[in-house]
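A short worksheet on the structure shown next.
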Amino acid sequence: MTRDHQTSCLPDANVILFSQAFSPRAAAAHFKSLRKNLDWQEATISIFGREIKSPRLSVWYGDAAYTYSGLTWPARPWPEAVSKIKAEVEVLADTTFNGVLANLYRDGRDSMGWHADDEPELGPDPVIASVVFGANRRFVFRRKNDPAEKVEMPLGDGDVLIMGQGAQAYWQHAVPKTTKPAGERINLTFRRIM
Ligand SMILES: O=C(O)CCC(=O)C(=O)O
Ligand SMILES: [Mn+2]
């Protein structure tokens, strides 16, 4: 784990990118272990009253339940594959987390739509640590009150993005679909439920 390469990268928000916080070797081992050991599920979410299959696989682990898009994930014990990563990320983020949402993007058709992680149970201005293992995908922010203003983050294998003050209040983020060939990408977003 290294914190050597850090850049602050979003206006009006405290967002820090730790590039290759995990070495390529550690990242590859984590990818393999997470891919195999997490209980990946194709969740059904409800958006504007419509039930749709989420375009990615997901699973929640944490000391408390978590609800978003009309879907409640129960509290669930931490798998060892995740708790080791959690401990390292807590050092980088200088805070503690009690839950993680894991996402698996199987190919370029899997995606995450525009949203902010602003559920009430995360509190008014949460710190969220996002960790990526596997394929490179575009990760984009857009300003809530001026969606034409976009900031693209080069988030790749082994990178850790700490989204702090202002990141959810003023910005939304997304992982867009792509028609370019894309391998599997795993993302863990560590959160604190109040
Ligand atoms: O996969 C990513 O990089 C982002 C995931 C995300 O925004 C979320 O789980 O809330
Ligand atoms: Mn998010």
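No experiment lies behind these values; they were computed from the predicted model shown. Order of appearance sets the numbers: ligands from 1, and atoms from 1 within every ligand.
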For the Mn ion (ligand 2): protein N/O/S atoms at distances below 2.8 Å: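 Total protein N/O/S atoms under 2.8 Å from the Mn ion (ligand 2): 3.
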Side-chain heavy atoms of Leu17 within contact of Asp159, under 4.5 Å: yes
Using a strict threshold of under 4.0 Å (side-chain N to carboxylate O), is an ion pair present between [Y] and [X]?
X     : Y      : answer
Glu90 : Lys86  : yes
Lys53 : Glu42  : yes
Arg35 : Glu184 : yes
Arg76 : Asp39  : yes

Would you mind writing out a table of all protein N or O atoms found under 3.5 Å from any N or O atom of ligand 1, naming both atoms and giving the distance to 0.1 Å?
from	atom 1	to	atom 2	distance (Å)
ligand 1	1 (O)	Tyr105	OH	2.5
ligand 1	1 (O)	Arg185	NH1	2.8
ligand 1	1 (O)	Asn187	OD1	3.4
ligand 1	3 (O)	Arg185	NH1	3.2
ligand 1	3 (O)	Arg185	NH2	2.8
ligand 1	3 (O)	Asn187	ND2	3.3
ligand 1	7 (O)	His115	NE2	3.2
ligand 1	7 (O)	His173	NE2	3.0
ligand 1	9 (O)	Asn103	ND2	3.0
ligand 1	9 (O)	Thr189	OG1	3.4
ligand 1	9 (O)	Arg191	NH2	3.2
ligand 1	10 (O)	His115	NE2	3.1
ligand 1	10 (O)	Asp117	OD1	3.1
ligand 1	10 (O)	Asp117	OD2	3.3
ligand 1	10 (O)	Arg191	NH2	2.8

Plane angle bin for His30 and Phe133 - parallel if under 30°, tilted between 30 and 60°, otherwise perpendicular: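 Because their plane-to-plane angle lies in the 30° to 60° range, the rings of Phe133 and His30 count as tilted.
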Check: Trp78/Asp63 side-chain N/O donor and acceptor closer than 3.5 Å: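 Looking only at side-chain atoms, Asp63 and Trp78 do form a donor-acceptor pair, the distance falling under 3.5 Å.
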Asn103 and Ser58: side chain donor to acceptor below 3.5 Å: yes
Closest non-hydrogen atom pair between Arg142 and Lys150, with its separation: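 Shortest heavy-atom contact: CB-CG, 4.0 Å.
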